[in-house]
Each structure stands twice: as C-alpha cells, then as structure tokens.
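As structure tokens, the structure follows; a few thoughts come after it.
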Amino acid sequence: MNEVEDQIKELKKEVSYDTRDFTIEIIVQKYNKDLEKEMNEIFVPDYQRDFVWDEERQSKMIESIMLGLPIPSIFVAEDEKGRLEIVDGSQRIRTLSAFIREELILEGLEKITALNTKKFSDLDESRKRKFNNTAISMIVLSEETSPEMRNDLFERINKGSDILRSMEVRKGIYTGPFTDFLYTECSPNKKFQDLISLSSSVKNRQEYQELILRFFAISEKYPKFNSFARNVGSALDDYMKEKNIDFNEAMKSDMKKSFEKMTDFVNDNFMFGFSKDEGKDTSRIFFEAISVGSHLALKEFPNLKVREKIDARKLLLDSNFKAATMGKYRTHATVTLRSRIEFVKRFLVANKR
C-alpha cells in the first residue's frame with residue numbers, strides 16, 4: 001500500500017487548481033469582451049465550437065437558475081496569457097450569454113410557465129439583477145499543471161461530454177452498410193487524416209467519422225438545413241439511420257468519389273488543410289465550411305484549381321465568414337450554415353485559374 005500512497009502523492013503534486021465564484025454578469029462579460037478578436041478572457045476551444053443545445057434545453061437551464069437550483073461547476077484551464085479555456089461548460093456559458101444578449105426566447109418550461117415566450121428584457125429590473133448576480137462556481141486549472149496531467153484531465157472530463165460521445169453512440173445504434181462505409185472505407189483515408197488536426201481530448205473519440213458524416217449529410221441536404229437548425233445531433237442521427245436503410249453499391253461508389261475528390265482538392269489547395277492555421281485544432285464548423293464549400297465548387301467546376309494555395313487566415317479577414325465560423329451561438333442555424341459554406345464556394349470560384 002505504500003507504493004499506492006507514494007504514487008498518489010507524487011501525481012497530486014502535478015495538479016494545481018483553485019475554485020473561484022463569478023457572477024453570471026461577470027462570466028458573460030469575460031466571454032463576450034473581445035470575442036470577435038478571439039481574445040476573450042473566457043473562450044471556447046476550437047474542438048468545442050459546436051453549439052448543440054436546443055432552445056428547450058437552454059430554457060430549462062435558465063429556469064433552474066431562476067428557481068435557485070444548483071448549476072454544475074464550470075471547468076476551465078488557464079493558459080500562458082491568463083485566458084481561461086473552457087474544458088467543460090461551453091454550452092452553459094453560451095446559453096447565459098444568449099439569454100442576456102436577447103438571442104434566446106424561453107420555451108417549453110413546465111415549472112415557471114409564465115416565463116415561456118419571454119426574453120431577458122421582459123423581466124422586471126429586480127429579477128434581472130438577481131439573475132445577473134447569481135454566482136456560479138468555476139474550477140480553474142493552473143498553467144503550472146504539467147502538460148501531461150492537463151491532457152489527461154481534459155480527456156477524462158470530455159469523455160462525459162455530449163459533444164464528444166455522439167459518434168460513439170451512433171455507431172452502436174445505427175448499424176448497417178453506410179456505417180460500415182464510414183468506418184472501413186472513408187475514415188482510414190490517410191490523406192484525409194493528415195488534413196485534420198485533433199486535440200488529445202478527441203483524437204480517439206471517433207472524430208474522423210463524425211466529420212465525414214457531417215460532410216455527407218450537409219452536402220446532401222444543401223441548401224435546406226431546417227433539421228440542423230433545430231438540433232444538429234438529431235439531424236445527423238436521422239441521416240445516418242436513413243442512409244443505412246437506403247444505401248446501395250451505386251450510392252457507395254458516388255459518395256466515395258465525392259469524398260476522395262474533395263479530400264484531394266483540399267490537400268492540393270489549402271495551406272493548413274481543414275484548420276484555420278498551422279497547428280490549430282480543426283473545428284467542426286470550420287471543417288463543414290471548407291469541405292462542403294469545396295464540394296459545391298467542384299460540382300460546378302469539376303477540374304477546379306485555384307491560382308495559389310489558400311491561407312485560411314485570409315478567409316477569416318471577412319467579418320461575416322469569421323462570425324459564421326466562430327461558434328458564438330446557433331452554429332447550425334440555416335442562415336449561418338449556408339453563409340459559411342457558400343462563402344468558401346464563392347471564394348474558390350472567384351480565385352480559379
């Protein structure tokens with residue numbers, strides 16, 4: 001037992017954290033200030049940029065706060081610049097921001113039914129103050145924590161996150177020829193994998209298959225994304241279920257050609273593959289823009305080549321495109337999803353040679 005105790009004591013030295021209580025008002029301010037410059041003090045990392053909660057789930061969290069029910073602690077990690085990277089809690093923080101900034105209308109509430117159809121501005125001043133002054137606990141992992149321990153903690157925490165386990169669940173539920181196609185013929189594509197940069201938190205969580213599923217589903221549903229706007233996870237579930245029923249050899253051949261052609265094109269024409277910058281983790285919403293935008297351009301111009309290799313940072317100089325890939329709120333609203341995809345398509349066509 002001495003060996004066990006020695007190991008525990010040694011490893012605990014590598015973990016440095018403290019607990020802080022912030023009011024909702026301060027949390028939202030720290031999240032929103034300099035968000036457009038991507039210099040906000042509390043920030044969502046690229047791999048968590050999807051906003052996946054629907055309005056009813058968001059509304060119930062707001063209702064819980066109004067009722068004084070306990071809200072789970074938010075887990076963040078401090079970086080070398082003193083910024084706080086959200087490890088667990090991005091959906092909660094963005095919900096709070098959306099409500100205070102009048103982007104969320106409450107719905108589906110069964111307890112405080114009078115709140116249904118209400119926005120933050122509809123509340124009495126006293127209730128606004130009480131809401132803003134509600135404290136939420138934040139566990140802050142210090143930058144002094146060793147990189148190995150930090151990565152291990154990220155993985156342990158994120159394994160319980162909805163955003164990361166969705167594809168693992170789908171694989172078990174929606175079995176069939178299309179699922180086999182994703183796992184055995186598309187995701188092993190080495191060129192595709194080399195174009196993706198994944199954090200240690202998602203590398204072994206079937207993220208390649210998640211991205212490929214999004215490419216096929218969004219490409220096929222374009223330009224109508226009503227189901228994605230309601231709930232992107234459910235839309236992907238339904239698509240995967242339908243494809244396993246309808247999938248045939250002709251469909252398999254066409255889809256494989258489209259996937260490989262898109263992959264080859266991105267490899268040849270994008271400096272950082274599906275990422276925004278060298279060494280930057282690939283976010284799902286940025287991947288959707290590049291992959292589907294490239295696919296649409298190739299459908300129109302099958303032999304498309306651009307004048308010079310594209311530096312994705314130049315795409316982000318466009319404020320509308322940057323906003324559509326930032327993951328601030330409603331990442332899969334039809335107008336947002338279409339705008340980022342069509343921007344990439346237009347850019348490629350405008351720069352063809």
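In what follows, every heavy atom counts, from backbone to side chain, and hydrogens, waters and symmetry copies are set aside.
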Is the side chain of Ser339 donor-acceptor paired with the backbone N or O of Val335 at a distance under 3.5 Å, no angle test?
yes
Using a strict threshold of under 4.0 Å (side-chain N to carboxylate O), is an ion pair present between Lys81 and Asp79?
no
Between Lys33 and Glu41, does at least one N-O distance fall below 4.0 Å, as a salt bridge requires?
no
Mind checking ring pair (Phe, Tyr, Trp, His ring centres under 6.0 Å) for Phe215 and listing every partner two or more places apart, or none if nothing turns up?
His295
Give me the atom names and distance for the closest heavy-atom approach of Ile105 to Ser59.
O-OG, 4.1 Å
More than 12 heavy atoms of other groups within 6.0 Å of Lys241 NZ
no
The complete set of ring-ring contact (aromatic ring centres under 6.0 Å, His included) pairs with one or both residues in residues 258-277, sequence neighbours excluded, reads Phe192-Phe259, Phe192-Phe274, Phe274-Phe287
Using a strict cut-off of less than 4.0 Å between a Lys/Arg side-chain nitrogen and an Asp/Glu carboxylate oxygen, indicate whether Lys191 and Glu260 qualify as a salt bridge.
no
Would you call Glu38 and Arg49 a salt bridge, using N to O less than 4.0 angstrom?
yes
By the ring-ring contact (aromatic ring centres under 6.0 Å, His included) test, which pairs, at least two apart or in different chains, include something from residues 78-98?
none
I want to know whether Phe321 and Phe347 have ring centres closer than 6.0 Å.
no
Can you classify the ring geometry of Phe225 versus Tyr222 as parallel (below 30°), tilted (30 to 60°) or perpendicular (above 60°)?
tilted
Determine the interplanar angle of the Phe247 and Phe181 rings, folded into 0 to 90°, and report it as parallel if under 30°, tilted if 30 to 60°, perpendicular if over 60°.
tilted
